[in-house]
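Everything numeric here is computed off the predicted structure, so don't read it as measured data.
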Amino acid sequence: MALFASGTAITATPALAADGDVTNVALADTFIPPVSQDTIPFSFDLENAYQKVGNEWLPRYKVWVRVTPDNNPGAGVTVNYRLGTANALPKLTTAPPATSKVTGTVNALNNDKPGDRWQLEVALETLAATATPTPSSTAPTTGWKAVKTFAVTAATRVSNVRIDPNPVVLKAATDVGFSATIEKFGGETLKQVRALHPSSGEYYSLGTSLEGDDKSYYNFVTMGTDAPAGAWQIKFTITRGGKTYAFTKGFTVSKTTAPAAKAKSKITMSIAPAKVKKGKSIKVYGKVYRGVKSWGAWKKKVLKLYFKKKGTKSWKFVGYVGANNSGKYSKTIKPKYDGYYRMAATATSATKSSYSPYKLVDVR
């Protein structure tokens, strides 16, 4: 838990070690967390960190750390320090090296401001040369040394999340669109997007590509009438540094009537090659299945091929593709633009509709 202190709130003054014994300070994941709070890991080398007591080498210091968020408050403004946590050095049975690695964390909060004047400060409380020293329980008021000034960057933000339609009412297979603005301020990766029904664990996978402005997101899924009703959510999973964050927005799915029992269907799709020179051909191929108790080939099924140009939001019909008695299909085309392909199987009175996963083709 983050602790705050500002001058008068800290009263204890333990014995402090001399300055100049902290080197090689490093921090990782130095960015504002997009939600709530998170930790910024640090490490540094501490010289002369041990003292010999009997046959053991015991820590010479209790290490105190604190961070100052963007240490540039202006004249007459009190600086608020936030205490961190330094992991205690272990006891040793052999002589330690000249320097010992100290690790720990300080907290960054979602409402902190990014900046390049954050400071990490260290104070060293000298411990008694006994097997069971009693360090102070309160941070010191003096003896602090600024050991690192560092930059903290802005948080990733997912905003303007929309579901269309919302609520979703399933009378038949229904296209549900999802859009958002994803502003990235560092080395983030949009790792996964799912339309998720949390209580059952069922989900639809969506793509992770952004539009041409590199911040607008759009995709959709076709929800069948067998999708569970109730509370759903669109979930964006983003990685940054060594951290993973999830952003969610809820929506509701309901059904008007109980659908007649139908066989399910599914389509696999592959494209080769995925990168092609303009004027050259690619092959779109895969297999279409239908099943009640087990999957089998959907024989002689006529499928529809669709294309969505990269940076646009609408899918366009390309043509029909027929499956053989084994459910296999293939089609050769010459793509003109970068974009996505997917295959559709329309519903019949006995079998539900389905879409294949979409695939990106890079035209060079």
Identify which one of Thr248, Val193, Leu206 satisfies the side chain to side chain contact (heavy atoms under 4.5 Å, CB included) criterion when paired with Lys235. Thr248

Indicate if Val276 and Tyr341 have the same hydrophobic cluster label, given that clusters are the connected sets of ILVMFWY residues with side-chain heavy-atom separations under 4.5 angstrom. yes

Greater than 12 external heavy atoms within 6.0 Å of Lys184's NZ: yes

For the pair Thr268 (side chain) and Lys287 (backbone), establish whether a donor and an acceptor sit closer than 3.5 Å, ignoring hydrogens and angles. yes

Going by atom types alone, do Thr39 and Asn107 pair a side-chain donor with an acceptor below 3.5 Å? no

Would Ser179 and Arg162 count as having a side-chain donor-acceptor pair, cut-off 3.5 Å? no

Side chain to side chain contact (heavy atoms under 4.5 Å, CB included), that's the test. Do Met269 and Tyr329 meet it? Break it down for me. CA-CA 9 Å; Met269 189 182 78; Tyr329 68 87; 3.4 Å; yes

Determine whether a donor-acceptor pair (N or O, by modelled atom type, separation under 3.5 Å) exists between the side chain of Thr174 and the backbone of Ala172. yes

So that I can tick it off, tell me whether Lys309 and Asp338 are bridged by a salt bridge, with the cut-off set at under 4.0 angstrom between side-chain N and carboxylate O. no

Heavy-atom donor-acceptor pair, Ser200 side chain to Glu202 backbone, under 3.5 Å: yes

Does Lys283 have more than 12 heavy atoms from other residues, nucleotides or ligands lying within 6.0 Å of its NZ? no

Residue pair Asn110 / Ser36, side-chain donor-acceptor N/O under 3.5 Å: no

Within the distance-only criterion (no hydrogens, no angle test), does the side chain of Lys62 pair as donor or acceptor with the backbone N or O of Thr134 below 3.5 angstrom? no

Distance-only donor-acceptor check, side chains Ser209 and Tyr340, under 3.5 Å: yes

Any sub-3.5 Å donor-acceptor pair from Lys308's side-chain atoms to Thr312's backbone N or O? yes

With rounding to the nearest 0.5 Å, note down the distance linking CG in Leu303 to CH2 in Trp298. 8.0 Å

May I ask you to test the Lys275-Arg364 pair for a side-chain heavy-atom distance under 4.5 Å? yes

Heavy atoms from other residues, nucleotides or ligands near OH of Tyr203 exceed 12 (cutoff 6.0 Å): no

Do Arg342 and Tyr355 form a cation-pi contact, if we require the NZ or CZ to be under 6.0 Å from the six-membered ring centre and within 45 degrees of the ring's axis? yes

State which residue, out of Val321, Thr351, Val288, Asn324, fulfils the side chain to side chain contact (heavy atoms under 4.5 Å, CB included) condition with Lys301. Val288

Under 3.5 Å, is there a donor on one side chain and an acceptor on the other for Trp57 and Gln51? no

Does the Trp118 side chain pair with the main chain of Pro114, one donor and one acceptor, at a distance under 3.5 Å? no

NZ on Lys300 to OG on Ser326, rounded to 0.5 Å: 9.5 Å

Would you say Tyr50 and Val63 are hydrophobically clustered, going by side-chain heavy atoms of ILVMFWY under 4.5 Å? yes

Backbone of Thr237 reached by a side-chain donor or acceptor of Tyr245 within 3.5 Å: no

Exam field: side chain Ser356 to backbone Met343, donor-acceptor pair closer than 3.5 Å: yes

Of all heavy-atom pairs between Phe178 and Ala195, which one has the smallest distance, and what is that distance? CZ-CB, 3.9 Å

At their closest point, which heavy atom of Leu109 faces which heavy atom of Gln37, and how far apart are they? CD2-OE1, 3.1 Å

Check whether the side chains of Thr99 and Glu47 place a donor and an acceptor atom closer than 3.5 Å, and report yes or no. no

Flag the pair Glu183 and Lys215 as a salt bridge only when some basic side-chain nitrogen lies within less than 4.0 angstrom of an acidic carboxylate oxygen. no

How many angstroms lie between OG1 in Thr346 and NZ in Lys352, if you round to the nearest 0.5 Å? 15.5 Å

Take Asn48 and Arg60, measure what side-chain hydrogen bond (donor to acceptor under 3.5 Å, both in side chains) needs, and give me the verdict at the end. CA-CA 8 Å; Asn48 193 27; Arg60 187 184 300 273; 3.2 Å; yes

Give a yes or no on this: more than 12 heavy atoms of other residues, nucleotides or ligands lie within 6.0 Å of atom NZ of Lys243. yes

Just by distance, do the side chain of Lys113 and the backbone of Ala154 share a donor-acceptor pair under 3.5 Å? no

In this structure, is the centre-to-centre distance between the rings of Tyr217 and Phe236 below 6.0 Å? yes

Would Ser354 and Ser265 count as having a side-chain donor-acceptor pair, cut-off 3.5 Å? yes

Mind checking the CG-OH spacing from Asp21 to Tyr61? Nearest 0.5 Å is all I need. 5.0 Å

Calculate, to the nearest 0.5 Å, the distance between atoms CD1 and CZ belonging to Ile333 and Phe307 respectively. 8.0 Å

Under the 6.0 Å and 45° cation-pi test, does Lys266 pair with Tyr289? yes

